[in-house]
Amino acid sequence: MLNFEYGEKSCDFQADSVKVSDVLAELGLLEKALAGKLDGELLDLGGEVSKGGRIEPVTAESEEGLNILRHSCAHLMAHAVEKLYPGAKFGIGPCIKDGFYYDIDVSQARGIDSLTEEHLPAIEEEMRRLAKESIRLDRTDMDKDKALDFFKKRDDRYKVELISELDAPVVSLYQQGNSVNGVYVDLCRGPHVPDTSRIRHFKLLSVAGAYWRGDEKNVMLTRIYGTAFATADALKEHLRRLEEAKLRDHRRLGKELDLFSLHDEGQGFPFFHPKGMAVINRLLDFWRKEHARRGYDEIRTPLILDRSLWMQSGHWDHYKENMYFTEIDEKPFAVKPMNCPGGIMVYKTHIRSYRDLPLRMAELGMVHSHERSGVLHGLMRVRSFTQDDAHLYCTPDQVKKEVVGIMDLCDYIYKEVFGFSYRVELSTRPENSMGEPGQWDAAEAALKEALESTGTPYRVNEGDGAFYGPKIDFHLEDCIGRTWQCGTIQLDFQMPERFDLAYVGPDGKDHRPVMLHRTILGSIERFLGILIENYAGAFPFWIAPVQIKLIPIAEAHEEYARKLAGEFMGWGFRIELDVRDEKLGKRIRDAQLQKAPYMIVIGDKEAETRAVSVRERTKGDLGAMSVDEFRVLCDAEFDPVKR
């Protein structure tokens, strides 16, 4: 007999095995189910189970259910492509955040030379036709060798390669379709929706190139991105957000606002213009002042260091594929991918006492990471960036207080200064970790204690810690609901061991310090990109590249305008004077497009009375006021640097 439970409900089956769908139906849970979960294991509704346990339905309203829906939609898309363009071959098609993609090779397909966005409407139409036919997605478990033969006969080298690397005697395939609508078979672990009628609200979004398995040495495939949702309203809202995101794209705004540029001569290495540097420098002014106020000392360490240092730190074993190398005096050196080993060298220049701890060393360090060209994205994914690092050295009993202090700094900067909400994740030991399990357990427990003592809600992200220690990650949410991982706190017992760090304790003996790695903004370049998109280029007054735009109506008003410009700059404001030989209307429109917080138009009346006619970016015309009144208005603007 098989017994199943869901909450207070239960049911029994006098059989050796039973379908998941039959169990859910008996419990009254089948109606909205896309799949089932038995003792935490996801299963197809048509799957047979031979043991009882705690069972629950998986619906499209849950994260797991939505992932199943999207992955099934990827299969539906592949079925449509194969039907329209016979001979197309398929790589991988996973679900991703907010959607899915599939990598496709059409080099041998009939009826098409290349896949472009112009083909998406036809593929979508075929997907909808197949969805209406309620085609079943049936799973078959097949011996690995038979599966290899099956895909070899289909001349499908991508599936053959994937199966060959699987360390399992049996693999699972999913089939949908028949002789009428075409049979599509894919290698997949599942689970999937029971039939295509469950896939109703979807949209194909874009086409991009993607190297097979992300390796630039492999063939370039065509990647189709799409999305799917449980309801039409959810899909509509997501598409609205995507359109809003296009308007806020930091690459477009960066060019329009003259903040930065990207060039083929330096792929992944952004070029910052004067206005972009104005924003960055203001951001760093605030960063430095706030860190000094909280007891941090700033350091700077070299960009290039001997390879032996990176071998000692563990980066050589765990990160060398992403590093750049050079040679000096016939000795191997590496461009630093992280700041921590350099900071450790500073720590070791003195004998440290327990009275010196906690020691907080902050560094705005330029680091380099070799990213593949296909993943580079404006300021969000670059090869060279400035990390707002800090490394804290403390005694074991100081860890909790220091972590709480970092969390308080994050909360102030994210919420009060920039207005972001955020969520927190605790990432635990990864597969490539260094050190003993006991040290990891202690480190994870220390971070949990800090989170729980402050009442901070968090979720555990299993296996996603750094190779040297667990971490707390902060994910910011912007004004259109997107999330960005920025700050991190990493607790590290490994580096102090590898570099033999010590402090003299009250007993006069050497003790090992605990090391905390942390960033708040993360990458300065990436954070600038986030700010551009969050504010749509309309920066708050304190950080705006141009705070006040001065526009004299005619040449006769330029002298007064220049005098005001000098006065405003003397007050510490960033101004721009527009005396171009253009009509007033065009100059005003250009100022609005440049998103300066204040615009001042200067004519006869203003020049004669030492007044200014002020227009505020969001409130519109504020009317005429004296120069002194305008200064009071500007001084009242929020400015954390003056805090």
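The figures here come from the full heavy-atom set of this structure, side chains too, leaving out hydrogens, waters and symmetry mates.
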Would you call Arg129 and Glu125 a salt bridge, using N to O less than 4.0 angstrom?
no
Could you check whether atom CG of Asp16 has more than 12 heavy atoms from other residues, nucleotides or ligands sitting under 6.0 Å from it?
no
As an exercise, state the distance from CG of Asn534 to CD of Glu477, rounded to the nearest 0.5 Å.
10.0 Å
Atom CD1 of Ile224 and atom OH of Tyr101: how far apart are they, to the nearest 0.5 Å?
13.0 Å
Does a salt bridge link Glu237 with Arg241, judged by any charged N lying under 4.0 Å from a carboxylate O?
yes
Atom pair CD1 (Ile489) and CG (Asp473), whose distance is rounded to the nearest 0.5 Å
9.5 Å
I want to know whether Tyr102 and Phe90 have ring centres closer than 6.0 Å.
yes
Ion pair present between Arg223 and Asp103, side-chain N to carboxylate O less than 4.0 angstrom?
yes
Between His238 and Phe229, how do the two ring planes meet: parallel, tilted or perpendicular, split at 30° and 60°?
tilted
Look at the rings of Tyr184 and His79 and say which category their plane angle falls in: under 30° parallel, 30 to 60° tilted, over 60° perpendicular.
parallel
Under a 4.0 Å threshold between the charged nitrogen and the carboxylate oxygen, would Glu244 count as salt-bridged to Lys246?
no
Around atom NZ of Lys97, are there more than 12 heavy atoms of other residues, nucleotides or ligands at under 6.0 Å?
yes
Atom pair OG/CD of Ser369 and Gln387 - distance to nearest 0.5 Å
10.0 Å
Phe100 ring centre to Arg70 NZ or CZ under 6.0 Å, with the angle to the axis within 45°?
no
Above 12 or not: heavy atoms from other molecules or residues under 6.0 Å from CD of Glu416?
yes
I'd like to know if Glu64 pairs up with Lys37 as an ion pair, taking the criterion as any Lys NZ or Arg NE/NH1/NH2 lying under 4.0 Å from an Asp or Glu carboxylate oxygen.
yes
CG of Leu447 to NZ of Lys400, rounded to nearest 0.5 Å, is 12.5 Å
Whether Arg482 and Glu533 form a salt bridge (side-chain N of Lys/Arg under 4.0 Å from carboxylate O of Asp/Glu) is what I want to check.
yes
With the threshold set at 4.0 Å, does a side-chain nitrogen-carboxylate oxygen contact exist between Arg157 and Asp155?
no
Ion pair check, Glu82 and Arg154, cut-off under 4.0 Å
yes
Ion pair Glu425/Arg459, N-O distance below 4.0 Å
yes
More than 12 heavy atoms from other groups under 6.0 Å of OH on Tyr6
no
State plainly whether the residues Arg128 and Glu124 are in salt-bridge range, i.e. N to O under 4.0 Å.
yes
Is any NZ, NE, NH1 or NH2 atom of the basic residue among Arg213 and Glu165 found under 4.0 Å from an Asp or Glu carboxylate oxygen of the other?
yes
In terms of relative ring orientation, are Phe420 and Phe418 parallel, tilted or perpendicular, with 30° and 60° separating the classes?
tilted
